[in-house]
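Both backbone and side-chain heavy atoms feed into the values below; hydrogens, waters and symmetry mates do not.
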Amino acid sequence: MAEPTAWKALTKSVGFYGRFAPSFTRIGYWSRGLPFQPVRANYGGQTWLITGATGGLGRAAALRAVAKGATVYAVGRSRTGLAALEAAAAGMPGRIIPVECDLSYIDAVSRLPTRAALRLVAFDVVVNNVGLLMRDFARTSEGLEVSYATNLLGHYVLTEQLRSAGRLKAGGAIINVVSGGLYNVGLNKGMLNIPEERFNGFAAYASHKRAQLALTEHWRAAFGDLGIKTYAVHPGWADTAGVKHSLPKFRSILAPILRNSDQGADTIDWLAATRPTEVVDEIWFDRKPRTAHAYPATRVTRTTPADIVAFLERDRQNLVGSRPS
């Protein structure tokens, strides 16, 4: 007799959290001794761009960079949040330059390189961080599912627009912030811009994060001649506002051991400081490359990184076309 669906789901959840909690929470962060190995770097003279910079991991990464001297173009949609970030960075060696933008609106994202504040700027580090886990379906004014536009297409469009405009410095770094959720899915272009009738926010989020890893592979090949390094980084399980809003049960169980945002941003900072040799089909987590496949099934897929790029490029052309960056 088959196990009830509810029992299967419970068994899967217990297995997943039991396997990963000791590593992904602050337990893993402390057990690896990272609190006693501060990232030592001087980002003076460097210019960064960080999306989703008003809260959580993006805010923590921005403050870490500014504390080491970077000028950070902090992109977010909350004017209040940007002002608060700017105030928090007051007196630090670097500075925050707030850039207000709705990162789910692809036309606005594509025009960022031409905004007055950014028009003449070239970036040493780009952190594609902003992310949403939607519990319910929502559509943007451009006809896209909101989390797809925010988590994936926007990052692709922004990075490609910066590249075509010559605004990525040789020897720089692109850092894509992924998530442990990707361990549950393989690469699948059919799960990116999911229609309302079959929308599942958790599957969508995990699929976007898996696709971000594919973009990392794509940009590694595309930008290699410029000496630009690309990384996918898993921050661990951090107690962010997004987790509080989208995963309340998860948070209620694990809150005492979840990482704080600064701990989650540690490897972003470390990658920018050290620029290690890139890896293929692996994720940087707690300053080391780790497998991108916790389960064998995610290795078996008909979708390739090239398929993901073609899917995104089609939507970019439909929304942005050949308009100059």
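Remark: E100 engages R79, L82 in a side chain to side chain contact (heavy atoms under 4.5 Å, CB included) (not counting sequence neighbours). Take N188 and apply the side-chain hydrogen bond (donor to acceptor under 3.5 Å, both in side chains) test, not counting sequence neighbours, and it matches no residue. Applying the salt bridge (Lys or Arg N to Asp or Glu O under 4.0 Å) criterion to R115, with sequence neighbours excluded, gives no partner residue. By the side chain to side chain contact (heavy atoms under 4.5 Å, CB included) test, A62 pairs with I50, V72, L85, I96, sequence neighbours left out. Remark: A272 pairs with Y43, W48, V125, I175 by the side chain to side chain contact (heavy atoms under 4.5 Å, CB included) rule, at least two apart or across chains.
For the pair A273 and A41, the tightest heavy-atom approach, listed with the atom from each and the gap, is CB-CB, 3.6 Å. Nearest approach of P113 to Q161, heavy atoms of both residues: CG-CB, 3.9 Å. Pairing each heavy atom of N184 with each of T298, the nearest pair is C-CG2, 4.2 Å. Smallest separation of non-hydrogen atoms from A173 and Y231: CB-CE1, 4.3 Å. Residues V178 and Q212 come closest through the heavy atom pair CG1-CB, 3.8 Å.
Within 6.0 Å of atom NZ in K229, more than 12 heavy atoms from other residues, nucleotides or ligands are found, so the atom counts as buried in its surroundings.
The structure places CZ of R287 at 6.0 Å from OH of Y29, a figure rounded to the nearest 0.5 Å. In this structure, NE2 on H208 lies 6.0 Å from CG on L152, to the nearest 0.5 angstrom. Put simply, CG on D107 and CG on L319 are 8.0 Å apart, with the number rounded to the nearest 0.5 Å.
By the 30° and 60° cut-offs, the orientation of the rings of Y183 relative to F20 is parallel. The aromatic rings of W219 and Y156 lie parallel to each other, with less than 30° between the two planes, well short of the 60° mark.
Side chains of H155 and N128: no donor on one and acceptor on the other come within 3.5 Å. A donor atom on one side chain and an acceptor atom on the other are not found under 3.5 Å apart for R32 and Q37.
Cluster membership for M191 and F199, using ILVMFWY side-chain heavy atoms within less than 4.5 angstrom, is shared. V109 and L168 fall within a single hydrophobic cluster, where Ile, Leu, Val, Met, Phe, Trp and Tyr are joined by side-chain heavy atoms under 4.5 Å apart, directly or via other members. L153 and F137 sit in two unconnected hydrophobic clusters of ILVMFWY residues. Membership requires side-chain heavy atoms under 4.5 Å apart, directly or through other members.
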>> For a side-chain contact (heavy atoms from CB on, under 4.5 Å) check, start with the C-alpha distance between H218 and I308, then their side-chain angles and the critical distance, and finish with the verdict.
In response: CA-CA 9 Å; H218 165 68; I308 297 297; over 6 Å; no
> Yes or no on side-chain contact (heavy atoms from CB on, under 4.5 Å) for L182 and I283, after CA distance, side-chain angles and deciding distance?
Replying inline: CA-CA 11 Å; L182 65 75; I283 303 168; 3.7 Å; yes
> Which is it for L187 and T304 under the side-chain contact (heavy atoms from CB on, under 4.5 Å) test, yes or no, and what are the steps along the way?
Replying inline: CA-CA 7 Å; L187 201 60; T304 67; 5.6 Å; no
Side-chain atoms of residues 255-262: list all donor-acceptor pairs with protein atoms under 3.5 Å, sequence neighbours left out, distances to 0.1 Å.
unit_1	atom_1	unit_2	atom_2	d
R259	NE	F24	O	2.9
R259	NE	T25	O	3.0
R259	NH1	D286	OD1	2.7
R259	NH2	S23	O	3.0
R259	NH2	T25	O	3.3
R259	NH2	D286	OD2	2.8
N260	OD1	D262	N	3.1
N260	OD1	Q263	N	2.7
D262	OD1	R64	NE	3.0
D262	OD2	R64	NH2	3.3

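R314 forms a cation-pi arrangement with F311, by the criterion of a distance under 6.0 Å to the ring centre and an angle within 45° of the ring axis.
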